[in-house]
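Step one of this worksheet: look at the structure below.
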Amino acid sequence: MKVAIYPGSFNPFHEGHLDVIKQALKLFDKVVIAKGLNPEKPSVVSPLTFSSPSVMMELKALNEKEDKVPYESFMGLLKDYIENSIVHSDGIMEYAVIKGLRNGQDLEYEKNQQYWNEDLGIEIPFFYIISDRKYCHISSSAIRGLAKFREVEDG
Ligand code: PNS
């Protein structure tokens with residue numbers, strides 16, 4: 001079984017994240033959403049928050065028959081989470097870390113993250129998925145920013 005571990009802050013989880021998962025499911029049997037804490041970003045470790053009900057419904061639908069897209073959260077280093085969660089079972093399970101890339105800025109950022117993670121001892125491969133052009137401008141921080149403006153307008 002091929003398992004992709006998809007780490008991120010997911011605050012909130014949005015269409016772009018869902019698109020990365022759908023692309024990954026063409027190659028992997030399972031995509032584990034691994035919500036962690038980025039000390040640079042405002043975040044809570046759980047629960048998974050969604051940008052819209054439709055994103056939530058689509059994720060739910062993907063999990064309806066089999067648990068293809070399980071959700072987990074972790075504190076601390078990604079390396080420790082991966083070490084504790086992968087099943088060492090004679091090569092029956094194959095693991096990779098996946099990340100989405102919207103632009104060159106993401107590429108530079110993720111490349112450094114990968115190098116740090118490798119230096120820390122992560123041995124499974126990292127794979128990158130280019131975001132569909134429809135979602136390249138969508139970011140969790142922009143969604144949080146918009147929500148703040150709406151709060152001000154409503155309140
Ligand atoms: O890019 P994102 O979405 O903000 O990713 C957040 C997350 C939680 C995946 C990332 O910050 C992370 O891996 N945090 C755990 C700390 C860690 O392992 N850092 C190692 C690289 S310096």
Side-chain angles (χ1 to χ4, degrees), residues 1-82 84-86 95-114 116-117 122 124-155:
M1 178 185 267
K2 290 188 171 62
V3 180
I5 296 171
Y6 183 25
S9 318
F10 306 120
N11 183 31
F13 184 94
H14 56 67
E15 285 90 340
H17 299 132
L18 188 64
D19 166 62
V20 168
I21 289 175
K22 284 182 185 167
Q23 293 194 55
L25 283 174
K26 292 180 182 164
L27 189 64
F28 292 93
D29 303 298
K30 231 179 225 281
V31 177
V32 182
I33 299 174
K35 182 176 163 82
L37 201 58
N38 179 343
E40 308 292 321
K41 296 180 183 174
S43 183
V44 281
V45 167
S46 62
L48 195 58
T49 52
F50 292 90
S51 58
S52 71
S54 65
V55 172
M56 195 169 78
M57 295 301 284
E58 273 206 63
L59 194 59
K60 220 175 139 196
L62 285 174
N63 276 326
E64 214 125 62
K65 281 195 202 120
E66 309 147 69
D67 202 19
K68 276 188 174 179
V69 192
Y71 162 70
E72 291 182 4
S73 61
F74 69 97
M75 295 281 276
L77 292 177
L78 179 62
K79 170 207 169 253
D80 294 332
Y81 162 74
I82 288 176
N84 293 329
S85 57
I86 65 176
Y95 290 91
V97 174
I98 60 159
K99 293 290 286 193
L101 298 177
R102 290 164 300 188
N103 49 43
Q105 223 178 328
D106 279 357
L107 173 63
E108 286 306 314
Y109 174 78
E110 295 300 349
K111 195 173 64 177
N112 279 338
Q113 289 290 110
Q114 175 177 337
W116 269 109
N117 279 312
I122 293 187
I124 62 175
F126 284 68
F127 290 123
Y128 297 93
I129 292 176
I130 304 283
S131 294
D132 188 287
R133 65 190 72 201
K134 285 200 289 287
Y135 307 117
C136 282
H137 64 297
I138 298 179
S139 66
S140 296
S141 52
I143 293 170
R144 288 197 305 273
L146 270 177
K148 278 232 160 69
F149 275 111
R150 290 202 175 121
E151 267 169 36
V152 172
E153 280 169 9
D154 293 347

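Taking CG from Asn103 and CD from Glu108, the interatomic distance works out to 10.5 Å, rounded to the nearest 0.5 Å. The CD1 atom of Ile21 lies 7.0 Å from the CD1 atom of Ile98; values are rounded to the nearest 0.5 Å. For the atom pair NZ (Lys22) and CD1 (Ile129), the distance works out to 13.0 Å, reported to the nearest 0.5 Å. The line from CG of Leu48 to CD1 of Ile33 is 5.5 Å long, rounded to the nearest 0.5 Å. Put simply, OG on Ser51 and CG on Leu146 are 11.0 Å apart, with the number rounded to the nearest 0.5 Å. Rounding to the nearest 0.5 angstrom, the gap separating the NE2 atom in His14 from the CG atom in Asp19 is 10.5 Å.
Contact check on Lys134 versus Glu15 returns no salt bridge, with no Lys/Arg side-chain nitrogen under 4.0 Å from an Asp/Glu carboxylate oxygen.
With hydrogens and angles ignored, the 3.5 Å screen pairs a side-chain donor or acceptor of Gln23 with a backbone N or O of Ile130. The closest donor-acceptor contact from the side chain of Arg102 to the backbone of Ile138 lies under 3.5 Å. In terms of modelled atom types and a separation under 3.5 Å, the side chain of Lys99 and the main chain of Pro7 share a donor-acceptor contact. Side chain of Lys35 to backbone of Ser9: a donor-acceptor contact under 3.5 angstrom is found.
Residues Ser131 and Cys136 share a closest heavy-atom pair of O-SG, 3.9 Å. Residue Asn11 comes nearest to Arg144 through the heavy atom pair O-NH1, 2.7 Å, listed as atom of the first residue, atom of the second, then distance. Val20 and Gly100 make their closest contact through CG2-CA, 3.8 Å (heavy atoms, listed as atom of the first residue, atom of the second, distance). Between Phe50 and Pro12, the shortest heavy-atom distance links the atoms C-CB, 3.8 Å. The two residues Ser139 and Ala142 come nearest to each other via the heavy atoms OG-N, 3.1 Å.
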Worksheet entry | Chi angles and distances behind the side-chain contact (heavy atoms from CB on, under 4.5 Å) call for Ile82, Tyr95 | CA-CA 9 Å; Ile82 288 176; Tyr95 290 91; over 6 Å; no

Worksheet item: Under the side-chain contact (heavy atoms from CB on, under 4.5 Å) criterion, do Phe13 and Leu59 qualify, and how do the steps go?
Response: CA-CA 10 Å; Phe13 184 94; Leu59 194 59; 4.2 Å; yes

Practice prompt. Starting from the C-alpha separation in whole Å, work towards a yes-or-no answer on side-chain contact (heavy atoms from CB on, under 4.5 Å) for Val3 and Asp29.
Written response: CA-CA 6 Å; Val3 180; Asp29 303 298; over 6 Å; no

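Under the 4.5 Å side-chain criterion, counting only non-hydrogen atoms from C-beta, Leu62 is in contact with Leu18. Counting heavy atoms from C-beta outward, Gln113 and Phe126 have side chains that stay 4.5 Å or more apart. Side chains of Tyr81 and Ile5 form a contact here, defined as non-hydrogen atoms less than 4.5 Å apart.
Using the six-membered ring where Trp is involved, Tyr6 and Phe10 have ring planes that are perpendicular, over 60° apart on the 30 and 60° scheme.
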